[in-house]
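Beneath this line is the structure, given in structure tokens, with notes to follow.
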Amino acid sequence: MKYNFADFEEKWQKIWEENKIFRASSSSSLKKYYCLEMFPYPSGNIHMGHVRNYAIGDVISRHKMMCGFNVIHPIGWDAFGLPAENAAKQNNRHPAEWTRENIKKMRHQLKRMGLSYDWSREVATCLPEYYRWEQQLFIKMWEKGLAYKKRSGVNWCESCGTVLANEQVEDGKCWRCSSDVVQKELEQWFFKITEYAGELLDCTYTLLGWSENVLAMQRNWIGESSGAEITFDILGTDEKITVFSTRPDTLYGATFMLLAPEHPLADKLLEDSPQREEGLAFIKSITGESKEARMEDKQKKGFFTGRNCINPVTYEQMPIYIANYVLMDYGTGAVMAVPAHDERDFDFAKKYELPIVQVIQPKEDSPEDITEAYAGEGFLIQSDTFDGMSSKNARSAIVNLLEKQGSGKKSVTYRLRDWGVSRQRYWGTPVPFIYCGKCGAVPVPDKDLPVLLPENVKFDTHGNPLDSVQEFVNTVCPKCGDPARRETDTMDTFVESSWYFLRYCSPQYDKGMFDETEVNYWMPVDQYIGGVEHAVMHLLYARFFTKVLRDMGYINIDEPFDNLLTQGMVCKETQRCHTHGWLNPSEVKDGNCVHCQTPVIAGRTEKMSKSKKNVVDPDDLIKTFGADTLRLFSLFAAPPDKEIDWSESGVEGCYRFISRVFRLVTDHLDLLKSDIPEADVPQGEVSTEIFLYIHATVKKTTTDIERFQFNTAVAAIMEFVNSLYILQDKLTDTATKSAFKSALITLMRLCAPFTPHVAEELWSLASMHGFISCEGWPTYKEEYTLHNNITIAVQINGKIRAKITVPRNCSEQEVIEKSLADEKVVPYTKGRILTKKIYVHGKLVSIVVK
RNA sequence: GCGAGCGUGGUGGAAUUGGUAGACACGCCAGACUUAGGAUCUGGUGCUGCACAGCGUGGGGGUUCAAGUCCCUCCGUUCGCACCA
């Protein structure tokens, strides 16, 4: 029979669905297993990144199911977001309609991949049944002080017309549209993620199932620094300046003070200064710059406020400057400058001719003249009673002194800032607040939730479309009944994805975010799979939400995702022309651009993207090769965490392999349907060999799936098939046929998680009972995975000189005797003294001669 | 600058613990079957050399009977963060 996937792939997808074999229920005596892949944004089409992500998840899920776990494997849609709104503007379509249609199309595409999802748990975040619970949580967080509104400088993307979180700014550009991000002063809603900074950081050391690079990125992003807060009195006023420093040991060398231009004191100190105008102009020249331009300018610029403060340990006066390189949103926005031991302060001191006092010596006898800043550790000098102390010890000693004086204390600072969640866009969850002239910001009462997104909206205006929906904006205050104005900000879409994995546990629950019993049964997620691009944003937010919900008493876990697998990108060669930019294959002929006949620039391998014209469409591939081939290729081409280089011939190779499996099994349907039973024990030479292949392959495939080495798991099955092809001509007696029958049945089972359609079809063609998808995963016996004869390598002085074959149970003495007697070994040992003999059981003999 | 990772044939990649480097696949070569083959099957394929042999996991050094794997050092490369006090 010829392998023709089109005959049966869709048939099985339909049958699986009709028989509800992937429905999950918490009422099971089996051990639970939660397998989760990052849910897709309904852009309209699945791409190869999705295929890879979901193929990996599906193998894990199907394998666990066959291993007897109670598996939950849900899917849904991250359905709010800007693309829907942009599409609405361009095509005069409603975002809801656009999103609905995309979901429908992509749902069909996912189903066409044969994924083992429990579709009854499907959620779409744009539905009121979903987002009303988010609004409820928002209010609960507000009650606990974890959601708040403040005026602050925010990242503003003009092209998207909205605010962005810090995590969503990449190289000063919008993560979504790559246009420049500017700073803007706005009243915004924030989530107090900084309250959890310490725990979010500490727990990165307990997440043993996460890859080191993701944990490192999170740690980096949270950015903990420990040091001290030190307070300085300002001369001639009652004001004080508090700084944060990681190096209190250098306090005796602090010779001047720096304020961020945005620091409230900067303005205050200039109040009665004769240079007030000049100073304000200086501040404006810096704050007026974009964040990017400000970072770009490495030149130190400062302005003397005319005021001085007092060093709390030397009692020396320190001039207070406003400096361009001090950031308001880190630490306290003020820095004690220690020019001798900080490169930036050193440059500043040189430029403005400020005193440089060395207080740390690298070694006890190093020279005192300084030509550059020394930022390392060492021993204190010119530091009063601390002279001679190591900088490390001095850090705590000086903080102790400050604590006694009441001018400082130990402190920890994080780089992480609160999560700005306000978005000035339509297509998102409305922030459930009402502004009343009398009562201020009032939460929408629970009985009035959800605050529904109005349907009747015009998208032809600039700015937030919600602002112009009068019947939405105009409302009454829930407290006093006066006319009031409704909040028109919607939430960042990362809010929806911060708890969707909880909603999956009880997706239809209508009394709250989730049914606590269900969540506490299914959570945590045992295996999470997704792209590394979410290493910081989504994964950090979801961890934060989990901890918030835990502290509110709804769940009993600290971390949502036990194990995380970040899959690599799918890449393909690009081609480009000097004048016509990126070219797709049809625009290249004989290495020349078809538009201008000039040679194309040699292809580079890059992530598939429309703009680079190097995408391949999974739909086309499924039509040509079938879903099984596409799945198999994305698993076989590389280990899951590495990049895949797209290769058309690699896909064909996978297709060939599946054809081989199909032919091998269908050529022996008579045997499979016959009365000959499966073999329990090997009988005879060929049968023993077959047993060896079966058990060794099951062992290798099982362990490889469990450690996510799908590429080598597939390779093991390929070897198995190659062996069976050779063995199929040797089926002379019943015992052999019996063993071969076992081999074929095992093969089908091993293939089931990878290529479920062909496995199911073969299972049915062989008249086997039930669905292979629900069958047990094959087991192996260690004793059958070993050859009776083993090959031993013989090394003389570290070089392999011979290989000998011995029975498996051969004793050490016998092996060594046999190797010394080997004709290839004798010339190397003749007339020499044997000084050492090492036998590594079953592997090699190492002989040292002199 | 800080942090994390990677470096193996023509290509993608194998090699849990130090123990026969290059599994499996792509590509290429040869053969078989064919009117034909871009189908299928079989065999070959790290490099040098006629075989014996020698050389080979980014470079150099070290530990060891034995190193892709451990240690030191240098080089290259990818990713994240970065005027973070």
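Numbered from 1 within each chain, the chains take letters A, B, ... in sequence-line order. Keep in mind that what you see is a predicted model, and the values were worked out from it rather than measured. Heavy-atom basis, side chains included; hydrogens, waters and symmetry copies ignored.
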With the side chain defined as heavy atoms from C-beta on, A/T712 is closest, among B/C24, B/C65, B/A14, to B/A14
A/F256 meets the ring-ring contact (aromatic ring centres under 6.0 Å, His included) criterion, sequence neighbours left out, with A/F348
Closest of B/G80, B/A85, B/G19 to the A/S846 side chain is B/G19
Which of B/A14, B/A21, B/A25 is nearest the side chain of A/F636? It is B/A25
Could you pull out every donor-acceptor pair under 3.5 Å between side chains of residues 653-660 of chain A and any protein atom, sequence neighbours left out?
{"unit_1": "A/S659", "atom_1": "OG", "unit_2": "A/Y655", "atom_2": "O", "d": "2.8"}
{"unit_1": "A/R660", "atom_1": "NH2", "unit_2": "A/N722", "atom_2": "OD1", "d": "2.7"}

**Prompt:** Can you tell me if the side-chain N/O atoms of A/R660 get under 4.0 Å from OP1 or OP2 in B/A39?
**Reply:** no
Side-chain contact check for A/V840: nearest option of B/A82, B/C83, B/G19 is B/G19
Looking at A/R219, does any N or O in its side chain come under 4.0 Å of the phosphate oxygens OP1/OP2 on B/G80? no
request  = Pick the C1' atom in B/C70 and in B/C81, then give their distance to the nearest Å.
outcome  = 31 Å
Side-chain atoms of A/Y725 come closest, of B/A14, B/C65, B/U42, to B/U42
Those stems involving RNA chain B that have three or more consecutive Watson-Crick or G-U pairs, both distances under 3.5 Å, are B:1-7 with B:75-81, B:10-12 with B:24-26, B:27-32 with B:40-45, B:46-48 with B:53-55, B:58-62 with B:70-74
Exercise for the section: Considering only atom P, compute the distance from B/A51 to B/U16 and round it to an integer number of Å. Expected result: 33 Å
Among the nucleotides B/U20, B/C83, B/C24, whichever has the atom closest to the side chain of A/Y325 is B/C83
Checking B/G13, B/C26, B/G19 against the side chain of A/R656 (C-beta onward), the nearest is B/C26
Checklist entry - What integer number of Å spans the C1' atoms of B/U45 and B/U11? => result 14 Å
At under 4.0 Å, does any side-chain N or O of A/N722 touch on OP1 or OP2 of B/A25? yes
